[in-house]
Structures are given as structure tokens and as C-alpha cells.
Amino acid sequence: MKHIGMLKKVSLVGVGNLLNAGFGLVFLAAAAKALPVQDFGRYAFLTSLLVFMSKIVDFGSNSIFVAESLKVWDIGTLVKRFYTLKTALFTIAVFISCIFLYVLGYRSLSVYAIFLVGLLFYSINVLLFAIFQSLEMFTHAVLLNTIPALLKAIVGVVILSGLYFSAPPELFLGVFCLSMGLCAILYCFIPREYRFTNHKLSLRDNVGFMLTSCTPAGIAQLISQGWSAIANMIVKVYKGYFDVGVFYLADKVANVFSLISLSIFTVILPQNAKRKRENIPHDYGETVLLSLIVMVLAFVFVAIAGIFLQRVFGDKYSGSLLILDVLIFSSAFSAIHAFMENHFYVYEDVKIIMHIAVVKLVAFISLSLLLVPLFSLKGLAFAQLLASVIGLLIISLSTYKLLRNAPAS
């Protein structure tokens, strides 16, 4: 019974995130059906790159901000430094994005404009999410993605219904990027002391402590949450945009577990930060319970996902079915890994997260170099699964070592 309150909060956030995923899936289905597989691969590559670049704007600072906001009394100074750091990280992300797009051969000014405006909107989303999470305004945190997802779903329904007969790739990229701008309306709901207009930014602000604190977590986040972009780059190098589209579709369906993990992490990070502040013992049973729920959901999802994928997308993406089950279990293991990271934010030992992420990435790339030439996309899927298992085993052992000296409930 003691876990009921926590499960209710996780369920609220989880249902909201799954609803958002459902809306996003309608748009994904429209893109997959309307575009040739190769063009869908190009769209997938650009959107995964955009999400990856938005993680540079986060760079672990969200979780550091949430943990710090529950410990400090001068919230105004912390918020001011947070806004300054976000502005600097956004500038860096814009610069890196332009380099990536140029190196990848994109010369269209419209692509650059859509991509960078999309990056701005995603950056606003990332910033507002941290504030809502720190205040435990979970409904608003969910709405940050529900509002844009609803617009994408409407566009997807229009395209799937045949009311819009010409759907070039730029349309889907534009909707994906620009829809996120709608989340800015939720800025009106944050408390006055958290508002941008109440804080004058200055590079002389002492943001160094936040940047130093978040750098290890930021590197880990770029690896873990940019995993889809990394995988797509490997597919692009070995195969081409056609195979990027096939892999991306299966990976996108499997990544529902990243939403489950995000839902758990969103709730338990501020909860465990409060426990530490109030010297309340850690509850190991909570971690075990949440892990078991994720694995049960993985088996259920395997049973239905293949049927769903075939009925919605048909034979056009039959190659996705061959790797879907493997990617589902990989995503489930990664989900458990991801929400367990909250302990290291709470206990301010985020360097270990970076080390684990780097080990996991090295394992993934090494296994990919070995397996992809032999087994194509299936080899990449198994490389991802094995890397996820390695990451989960290491973080489980590290979490035990971190918490073994803390009083157990």
C-alpha cells in the first residue's frame, strides 16, 4: 500500500506520455505511408538529429536543476543561472547543428530554417519541463508534449484520410519541428519567480557550478537519449536511407519504453531528492517493483506490437518486423537503466552515469562493427540489445554500491 501514491503519479504521467505517443504514431503512420521508404528515411534521419541536438540544450542540466531546487532557499539565483546556462547551451546547439547539416550535404535554406526554429521550440520545451518537474506540476509537464502531439495527429489524420493528396518530405519535417512551438503557451502557468522576464541574464553569472555539475550527466544524456540518432548514423554509413527508414520505424515503436522510463524518472527524482533531504531511508522494493512492471509490459508489448505494425504499415516495412522484438527488449532494459539513474543525481555522483554510458556506447559500436556486416539490421538490433544488457548490469551494481551504506527501509 505504501507504493500506491507513487504508482498513481507514475500512472498519471505514463498515461499522458502514452497518449502523446499515440498521437505521434498517427503522424508517423501518415509519413510512412505517404512517403517512399527512402524519403521516409531522410525524414527519420533529420528528426532524430533534431531530437539529439535538443539534448545538447538539456545536457543534464534539467535533472541537476530539479535536484538543486529542492535543496536551496534562494530559488531566484538558481533560476537566473539556469536560464543563462540554457541560453549558452542553445547557442552551442545551433552552431553544432549547422555544421552537421552542412557536412551531411544539406544546402537548402528552408531545411536550415525549419530545423533551427524547431530546435528553438524544443529548447523551450526542455526548459519548461525542468520547471514543471521541480514543482511536481506533472499534468503541465505532460501537456508540454500533448499539445504539439495533438496538432501532429490532426495533420496525420488529414493526410491518411486523403484530404491532402500531395505530401512532400518538407511538410512532415515542418510539422514535426514547428508543432513544438505550441507548448510555449504553458509558460503562462509557471510561478512568477520562475519566469524569464524576471531575470536579467549575464555571462558574469556564476553558472560554472551548474555546468561543472551537469557535464558528466550531459555526456551520458547525449549518448542515451541520442541513441536513435547514433543508430541511424550507423545504418546510413553501412546501408542507406532506405534501411534508415526500416530501422527507424521499428525503433520508434519499441521506444514506447523510453516514455515509460521518462514517466517513472519524472516522478521519482523529486521524490527521492525529498527523501534524502529529510533523511528518509531509500525504498529498494520500489525499484524492484517498477523494474518488474517494465518487464511485464515488455512481454505484453512483444505479443501485440508485431500485429499492430503489420496492420498499420502493411508489407511496405516488412523488414521492421524482423527486428521489432529484439528492439522492444533492448528498449525495456534501457528504460530500467534510465530511471535508476535518478539515484546518482540525488546523491550527486553523476560521473558514474557518464562512465556507464561511455562503456555502453563503446560496446554498441564495437558489436555493430562485428554484427552489422554479417547480419545487417538484425545485427544492429542485437548489438543494441547486448549493449542495453551490459548497461543495466553495470548500473544495477553501481546503484547497490551507492546505496548500501544508506539506511534501508
Side-chain angles (χ1 to χ4, degrees), residues 21 23-54 97-98 100-119 122 148-149 151-180 226 228-255 308-324 327 372 376-377 380-381:
F23 288 148
L25 192 60
V26 174
F27 185 69
L28 181 70
K33 287 193 171 186
L35 297 173
V37 178
Q38 184 145 332
D39 283 346
F40 179 70
R42 295 179 191 276
Y43 160 81
F45 192 82
L46 282 172
T47 53
S48 62
L49 180 63
L50 173 63
V51 173
F52 179 72
M53 289 301 152
S54 73
S97 295
C98 291
F100 262 90
L101 290 172
Y102 185 83
V103 170
L104 291 168
Y106 291 96
R107 301 292 185 267
S108 171
L109 291 178
S110 62
V111 170
Y112 279 78
I114 294 171
F115 191 96
L116 294 179
V117 172
L119 180 60
Y122 266 80
L151 174 61
K152 288 192 287 189
I154 293 171
V155 174
V157 169
V158 169
I159 293 172
L160 289 172
S161 66
L163 296 178
Y164 189 89
F165 295 99
S166 176
E170 291 78 11
L171 169 70
F172 293 99
L173 178 63
V175 173
F176 184 89
C177 293
L178 303 180
S179 61
M180 189 57 73
S228 179
I230 296 169
N232 285 337
M233 288 180 185
I234 293 174
V235 178
K236 172 66 172 62
V237 169
Y238 275 99
K239 295 291 182 179
Y241 283 118
F242 182 94
D243 290 278
V244 170
V246 171
F247 186 86
Y248 177 84
L249 184 62
D251 189 51
K252 196 72 173 176
V253 173
N255 264 341
F308 167 81
L309 189 68
Q310 190 167 28
R311 288 188 176 180
V312 173
F313 298 98
D315 296 332
K316 188 177 179 181
Y317 294 90
S318 58
S320 300
L321 291 170
L322 301 176
I323 57 176
L324 181 60
L327 290 177
V372 173
S376 190
L377 293 184
L380 184 63

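Index from 1, following the sequence.
- Relative ring orientation between Phe27 and Tyr43 is described as perpendicular, the plane-to-plane angle rising above 60° on a 0-90° scale split at 30° and 60°.
- The list of side-chain hydrogen bond (donor to acceptor under 3.5 Å, both in side chains) pairs with a residue in residues 109-118, not counting sequence neighbours, reads Ser108-Ser110.
- Between Leu116 and Cys98 the shortest heavy-atom distance is CD1-SG, 4.0 Å.
- One finds the CG atom of Leu119 at 13.5 Å from the CD1 atom of Ile114 (value rounded to the nearest 0.5 Å).
- A distance of 12.5 Å separates CD1 in Ile159 from CD1 in Ile154, rounded to the nearest 0.5 Å.
- Checked against the 6.0 Å centroid criterion, the rings of Tyr106 and Phe100 do not qualify as a close aromatic pair.
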Would you please test Phe40 and Tyr317 for ring-ring contact (aromatic ring centres under 6.0 Å, His included) and show each step? CA-CA 11 Å; Phe40 179 70; Tyr317 294 90; 5.6 Å; yes

Indicate every side-chain donor-acceptor pair of residues 228-250 with a distance under 3.5 Å to a residue at least two apart or in another chain.
unit_1: Ser228; atom_1: OG; unit_2: Asp251; atom_2: OD2; d: 3.4
unit_1: Asn232; atom_1: ND2; unit_2: Ser48; atom_2: OG; d: 3.1
unit_1: Asn232; atom_1: ND2; unit_2: Ser228; atom_2: O; d: 3.3
unit_1: Lys239; atom_1: NZ; unit_2: Ser376; atom_2: OG; d: 3.3

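- Ser179 and Leu151 make their closest contact through CB-CD2, 3.7 Å (heavy atoms, listed as atom of the first residue, atom of the second, distance).
- Separation of atoms OG1 (Thr47) and NZ (Lys252) is listed at 6.5 Å; rounding is to 0.5 Å.
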Verdict with reasoning, Leu322 to Leu377, per side-chain contact (heavy atoms from CB on, under 4.5 Å): CA-CA 9 Å; Leu322 301 176; Leu377 293 184; over 6 Å; no

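- In plain terms, the two heavy atoms of Phe115 and Cys177 that are nearest each other are CA-SG, 4.4 Å.
- Scanning all heavy atoms of the two residues, the minimum distance from Ala34 to Phe172 falls at CB-CZ, 3.8 Å.
- Rounding to the nearest 0.5 angstrom, the gap separating the CG atom in Leu46 from the CG atom in Leu104 is 8.0 Å.
- Using a 4.5 Å cut-off on side-chain heavy atoms (C-beta onward), Lys152 and Phe176 make contact.
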